[in-house]
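Atom set for the values below is all heavy atoms of this structure, side chains included, hydrogens, waters and symmetry mates excluded. Order of the sequence lines fixes the chain letters, A, B, ..., with proteins taken first and strands second; residue numbering starts at 1 for each chain.
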2 protein chains.
Amino acid sequence: MTRANHDSDAICALSPGALSILDVAERLFAEKGFDAVSINDIAQQADVSKANIFHHFKSKEGLYLAALKSACEHAARALDDVEQSLSSDSPQAQLQAFFTQHLQELLASPRSTRLIQRELLESGSERGRRLAEEVFSENFSRLVELVRTGQVQGQFRQEFDAALVAFLLIGTSVFFTQTSAVLQHLPGAEFAKFPDDYGSAVFQLLSHGFQNTT
Amino acid sequence: MTRANHDSDAICALSPGALSILDVAERLFAEKGFDAVSINDIAQQADVSKANIFHHFKSKEGLYLAALKSACEHAARALDDVEQSLSSDSPQAQLQAFFTQHLQELLASPRSTRLIQRELLESGSERGRRLAEEVFSENFSRLVELVRTGQVQGQFRQEFDAALVAFLLIGTSVFFTQTSAVLQHLPGAEFAKFPDDYGSAVFQLLSHGFQNTT
DNA sequence: GTCTATAGCTGGATAGAC
DNA sequence: GTCTATCCAGCTATAGAC
């Protein structure tokens, strides 16, 4: 708990050995989950001894927290990049740009995404909540603001909660990446094989709705 | 693998002791995941001895599979009920009825939902895929057909993939139940506290889109 | 910083009495 | 069907040499 901050603040000063340990740990924890991964597994795949891992990290949980923090920093950085590269076009253009890049980012770094996903699944732990608050609340707020701007400018309907729209923009992407492996085995869901087409189709649908107005 | 079928076909003939074991197991596996739960934990909470569990179930994995199958049967039954109670109204009325009842079902039995969710997260295993295929593919197909019917009748836009619409109807509900615990801690997301309002608002949004047409 | 060796414990699973 | 007692493999973590 208290120690984790200390460990990962100096993340850039870690020796190369520690970095490869962290890298392997992040991958294995993301793939199999905390309890299914042993220090032995990590030691083998990182080509170091078990004891060496305990030299660099205080405990197994400490290593896990370090990997989690690394994944969060990666995710947060990616979101920042997305927002910085937003053109100063209309809100709907900005929203579409965010949506597209966000989906691409999720697809490009499935490891971090998955590790965070797993952590959020443990809703019982305080960790998951604090994590979400600290890492995502700021970015989420900015996205909500973007929707609100579109609403006051009259481009978006005012009858909808801006936070709800933002939630759906994020959720449809996350849920897609989360289920795409199994989606491909459902009949009629060929869209699972073309993430880019999925992205633009979903944005179209969220924009205009599936119901016919003619 | 081969034994699981044998075990759970006779699920109704199990002794009361076995049923309480299965009940506790389903709860714990859903809450913490397979690896984080020990036979000791289950034995304690079910008020039986460790050995008794191995008398009723061949192994820890056998017990897990039994719990998973129970959860799947529960979920599938709920979906069947939903479809049977569909009125013979217009496709959009049927679609809305399905959406509403599906969301309510998810909220009413979070244990089963969560256990299946966890299993799907392990996309590496064949189990997850087969599970989704066998349990959900039929219901998913029926939902897709419902959307197609609305399309040929001209009530829904034909430009969208029917399977995509069906996917979003399911995904927005599942993702909501999945993240609601953490959602409540995000600024501006008050809708997390009112699932019913969330349901109707999302259906409105998916129907008409967030973009202004005036 | 990195290793070998090992302590100390808990996990799943079994044997056999009742 | 249910229990107590037990086996042993595998785990986290530490000690101490280099």
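- Regarding B:Tyr64, its OH atom lies at a distance of 15 Å from the P atom of C:dG12, rounded to whole Å.
- The phosphate of C:dC3 (OP1 or OP2) has a side-chain N or O of A:Asn52 nearer than 4.0 angstrom.
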- Report the C-alpha distance between B:Asn52 and B:His56 in whole Å, list the side-chain angles of each, state the deciding distance to 0.1 Å, and finish with yes or no for side chain to side chain contact (heavy atoms under 4.5 Å, CB included). CA-CA 7 Å; B:Asn52 193 3; B:His56 287 292; 3.2 Å; yes
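- Atom-to-atom, NZ of B:Lys58 to P of C:dA13 comes out at 12 Å; the value is rounded to the nearest Å.
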Could you list the donor-acceptor pairs under 3.5 angstrom formed by side chains in residues 182-199 of chain B, with sequence neighbours left out?
{"residue": "B:His185", "atom": "ND1", "partner": "B:Ala181", "partner atom": "O", "Å": "3.3"}
{"residue": "B:Tyr198", "atom": "OH", "partner": "B:Thr172", "partner atom": "O", "Å": "2.8"}

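- Taking every side-chain heavy atom of B:Lys50 into account, C:dA13 is the closest of D:dT12, C:dA13, D:dT14.
- Straight-line distance from the CD1 atom of B:Ile53 to the P atom of C:dG11: 12 Å, rounded to whole Å.
- Between the NE2 atom of B:His56 and the P atom of D:dG1 there is a distance of 7 Å, given to the nearest Å.
- Remark: B:Val37, B:Ser38, B:Ile39, B:Asn40 in residues 28-41 of chain B come within less than 4.0 Å of DNA chain C through at least one heavy atom.
- A salt bridge does not link A:Arg142 with A:Glu145: every distance from a Lys NZ or Arg NE/NH1/NH2 to an Asp or Glu carboxylate oxygen is 4.0 Å or more.
- In summary, the side chains of B:Ser173 and B:His102 do not present any donor paired with an acceptor at a separation below 3.5 Å, with no hydrogens or angles considered.
- The heavy-atom pair separating B:Phe160 from A:Gly209 by the smallest distance is CE1-O, 3.5 Å.
- Residue A:Lys60 contributes atom NZ, which lies 13 Å from atom C1' of C:dT10 at whole-angstrom precision.
- For B:Gln44 and C:dT10, the CD to P distance is 12 Å, given to the nearest whole Å.
- As rounded to whole Å, 19 Å separates atom P of D:dT12 from atom NE2 of A:His55.
- In this entry the distance linking CZ of B:Phe54 with P of C:dG16 reads 18 Å, nearest Å.
- Judged purely by distance below 3.5 Å, without hydrogens or angles, the side chains of B:Asp41 and B:Ser38 pair a donor atom with an acceptor atom.
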